[in-house]
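Following: one structure in structure tokens, then a few remarks.
For the numbers below, each heavy atom of this structure counts, side chains included, while hydrogens, waters and symmetry mates do not. Letters go in sequence order (proteins before strands), and every chain restarts at 1.
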Amino acid sequence: MEYFAGVSDALRVTFVQMMLLSIIAIGIFIIGMYINLKKWSMGSTGYGQPPSKSIWAFPKMLMYQMSQHAHVHNQSVIETIVLDILFQRRILKRSPLRWFMHFTIFVGWMTLFAMSGAMFFVEMTHMIAERLEFAEVLPWFMDPVIFRQLLSVPNDIFSYILLTGVIIAIFRRLFVAKVRESTIAYDSVLIIGLAVITITGFIADGIRTGRFWGFGIDYQYAPPAALFHVVISLLFCIAYIPFSKYIHIIAIPLALLANKGGE
Amino acid sequence: MGKRQPSITTENFTAVQLMELDSCSRCGECVNWCPTYDASGKNPGLAPRDKILRWREFMNKSYGLRARLFGPKEIPLAELEQFKNDVYGCTTCGMCATVCESAINTVELWESMRANLVKSGIGPYGKQGMFLKLIGEYKNPYMADNKDRTNWFPPDIKIEDEAEILYFGGCTAELRQRKLALATARVLNKLGIKFTMLGEDEICCGSALIRTGQYFINDTAKKNAQKNIENIKAKGAKTVLYACAGCYRASLIDWPRLTGQELPFKVVHVTEFLQDLIKKGEIKWEKSINKKVTYHDPCHLGRHVGVFEPPRAVLESIPGIEFVEMERIKENQRCCGAGGGVKAGIPDLALGVASTRVEDALATNADILSSACPFCKRNLSDGRDAIGAKELEVEDVIVLVAEAMGIDLSDTPAE
């Protein structure tokens, strides 16, 4: 049984070690978010009020702002979530190209993340079921091999979508003078991380399946390639979020909710 | 040796505002639209996203992970001084907030940064420091005797002692742009609308103090807002009319926030009031203004609170007016350059922004550049003079309304 997308004992990386790595990544994320929440909560819970000393200041102020009437584009939370956070209409209004780039990255990234989570859940459930000897009562699609096959096509589709967005992002940063000149390390790290995750994902998949984006690399390298992809994804997708521009994944939806998005 | 103290505090920031610093994706849209960045010759320090980036770095140096592990990193005073210069080089027009893909409420973010810098003794900027003394002492920022607010009105003007409608004139119209105040009063009189005014009991709305981050000192802005509200209540007013966009915005948004209470009256801009009367057919035009007119949306009336249509509806209903739009209008309008304390603090920058706006108007071949704010009129007139566009008339909507109603304003006294 191979867990974590092909990582096997052959690489001497055990399931426990992978679990530990995941927990460490999540732990770093939680610590980082705690620091951010403490930093944000150093603000007040109302205009002109003294700074707060409670970590609850941020959620309290967020809820307060969300409940207030806005003089411009006052709208419901549902509208903000659907049109501003998910559909990202504010970006579309400003630049259709930038919207397309961001939307493809967003949709590709989030769907692949969700599918990885689903795959992890199925593998874990199956493993526990096998240990406790009730695997045969699980529904047919809860078999990791079958589930992986089910995800195979959507996995390809959303990988292409993500890749499209990443290529546009890199192109803009390199070849659009105005964007290139204003790029700082804070921006570069985000795109480099994104590109490395996407490229390693394709290569790991190519080696495993023998498709051309495996560059003909021998199958024996499939596990380390997959491992590298998983580790780098855990670092960038989870652990590094609170300490980098990746924080915008969390902060922008919150800002849109607080200020009622709108156009 | 004691542990180093952070160089900045979080005073005057809300918790959501501190979060907003992390929500800037640096897309650069704000830079494309910022009027002061443009007028400054693209000074990178004035770019809104740059200001957010710098304050985020200040926050991380003072309270981030590294600061928590090894102590805060000192931010040189010169760096904070430079930041102050840049954050005050903004008219708080709100264009950056309109185009911000993350919907960051930048206007209030800049105002919080300013208040924070004032509290730490670094702000405000230049002459803006006089606002507090002037408003405290004279109740207006023009160092004028407060009795002069309405005592110059010609004897034909009928102002009730008490009425359901109150006209809040504002410092600029009553003490400097008097034609506007006179036009408003005469239009109301001619329409048979009984109204009252605060006269010498009127106090500056607080906009200048709030926009420049000085509102909290001695609670001046709050106390003034409370006094104005009490005085308005004492006049029995249920609706308060404003012909000044700055006062309108301050009353609608800032007064309830400062006092922590809902206003006991309705806040209405005079163009909203007139639009309603036009719809009811209660305005009779007596004269035709056969000119091409364009309209400049004041930031405080348009982008800040969303009043875009009423001034246009009023202008379009005036006989003879050929109404034309400039390229940048409504929520995408280009600021006149006067707001946010820039006119007082950095007049050259204000003039630069105004000149660009006048050029927008000239591109339409309009005869009149109109607005609905005396402060906009003042700066746009200065911008017009600066580029020598003498053929362009700059006038307030209410003055054009008065003219079309056959009202004579030739007896307006000088300032």
**Report entry** Interchain contact, B:Arg303 with chain A, by part (heavy-atom threshold 4.5 Å)
**Finding:** backbone
Query raised in the report: If you count heavy-atom pairs under 4.5 Å with chain B, which of A:Ile247, A:Asp187, A:Leu37, A:Ile31 comes out on top?
Result: A:Asp187
Query raised in the report: Above 12 or not: heavy atoms from other molecules or residues under 6.0 Å from CZ of B:Phe216?
Result: yes
Query - Proximity breakdown for A:Phe243 and chain B, heavy-atom pairs closer than 4.5 Å - result: side chain
Query raised in the report: More than 12 non-hydrogen atoms from neighbouring residues, nucleotides or ligands closer than 6.0 Å to CE on A:Met33, yes or no?
Result: yes
Query raised in the report: Is chain A contacted by the side chain of B:Arg56, its backbone, both, or neither, given a heavy-atom distance below 4.5 Å?
Result: side chain
Query raised in the report: Is it true that atom CZ of B:Phe308 has more than 12 heavy atoms of other residues, nucleotides or ligands lying nearer than 6.0 Å?
Result: yes
Report task. Quick one: which of A:Ile250, A:Leu254, A:Ile91, A:Ile35 has the most heavy-atom pairs under 4.5 Å with chain B, could you say? Result -> A:Ile91
Report summary line: Turns out that what part of B:Leu53 lies under 4.5 Å from chain A's heavy atoms comes down to side chain
Query raised in the report: Side chain, backbone, both or neither: which part of A:Lys60 has a heavy atom under 4.5 Å from chain B?
Result: neither
Requested in this report: Report the C-alpha distance between A:Met61 and B:Met19 in whole Å, list the side-chain angles of each, state the deciding distance to 0.1 Å, and finish with yes or no for side chain to side chain contact (heavy atoms under 4.5 Å, CB included).
Outcome: CA-CA 11 Å; A:Met61 185 64 195; B:Met19 179 276 295; over 6 Å; no
Requested in this report: Nearest 0.5 Å please: distance from the NZ atom of A:Lys260 over to the CG atom of B:Asn105.
Outcome: 12.5 Å
Report summary line: Applying a strict 4.5 Å limit to non-hydrogen atoms, the region of A:Ala255 in contact with chain B is both
Report summary line: Heavy-atom nearest pair, B:Thr10 first then A:Met42, reads OG1-O, 2.7 Å
Query raised in the report: Of all of B:Cys100, B:Gly306, B:Ser102, B:Pro44, which one pairs up most often with chain A through heavy atoms under 4.5 Å apart?
Result: B:Ser102
Query raised in the report: Looking at B:Gly260, B:Ala115, B:Cys27, B:Ala47, which makes the most heavy-atom pairs under 4.5 Å with chain A?
Result: B:Cys27
Requested in this report: Could you tell me whether A:Tyr160 atom OH has more than 12 heavy atoms of other residues or ligands within 6.0 Å of it?
Outcome: yes
Query raised in the report: Where do B:Ala103 and A:Leu256 come nearest, in terms of heavy atoms and distance?
Result: CB-CD2, 3.6 Å
Query raised in the report: Are the side chain of B:Thr14 and the backbone N or O of A:Gly43 linked by a donor-acceptor pair below 3.5 Å?
Result: no
Query raised in the report: Would one find more than 12 heavy atoms of other residues, nucleotides or ligands at under 6.0 Å from atom OH of A:Tyr186?
Result: yes
Query raised in the report: Does B:Leu18 reach the side chain of A:Lys39, with side-chain heavy atoms less than 4.5 Å apart?
Result: no
Query - Pairwise side-chain contact, A:His248 with B:Cys24, heavy-atom cut-off 4.5 Å (strictly under) - result: no
Query raised in the report: Just wondering, more than 12 heavy atoms not from A:Ile78 lying within 6.0 Å of its CD1?
Result: no
Requested in this report: Using a 4.5 Å cut-off on heavy atoms from C-beta on, say whether the side chain of A:His102 contacts that of B:Glu101.
Outcome: no
Query raised in the report: Is it the backbone or the side chain of B:Asn332 that comes under 4.5 Å from a heavy atom of chain A, or both, or neither?
Result: side chain
Requested in this report: State whether the number of non-hydrogen atoms from other residues, nucleotides or ligands found under 6.0 Å of B:Lys119 atom NZ is greater than 12.
Outcome: yes
Query - Partner chain A: residue of B:Leu258, B:Leu252, B:Asn12 with the largest heavy-atom pair count (under 4.5 Å) - result: B:Leu252
Query raised in the report: Can you check whether A:Ile184 reaches B:Arg26 side chain to side chain, under 4.5 Å on heavy atoms?
Result: yes
**Report entry** Heavy-atom side-chain contact between A:Trp40 and B:Glu20 under 4.5 Å
**Finding:** no
Report summary line: Which of B:Glu108, B:Gln17, B:Arg257 passes side-chain hydrogen bond (donor to acceptor under 3.5 Å, both in side chains) with A:Tyr47? Answer is B:Glu108
Report summary line: In terms of heavy-atom pairs under 4.5 Å with chain B, the winner among A:Pro59, A:Ser182, A:Ser41, A:Gly48 is A:Ser182
Query - B:Asp22 side chain vs A:Ala251 backbone, donor-acceptor pair below 3.5 Å - result: no
Report task. State whether A:Lys93 and B:Glu331 are salt-bridged, where the test is any N-O pair (Lys NZ or Arg NE/NH1/NH2 against Asp/Glu carboxylate O) under 4.0 Å. Result -> yes
Report summary line: What one should report as the nearest heavy-atom pair of A:Ile252 and B:Ser25 is CD1-CB, 4.0 Å
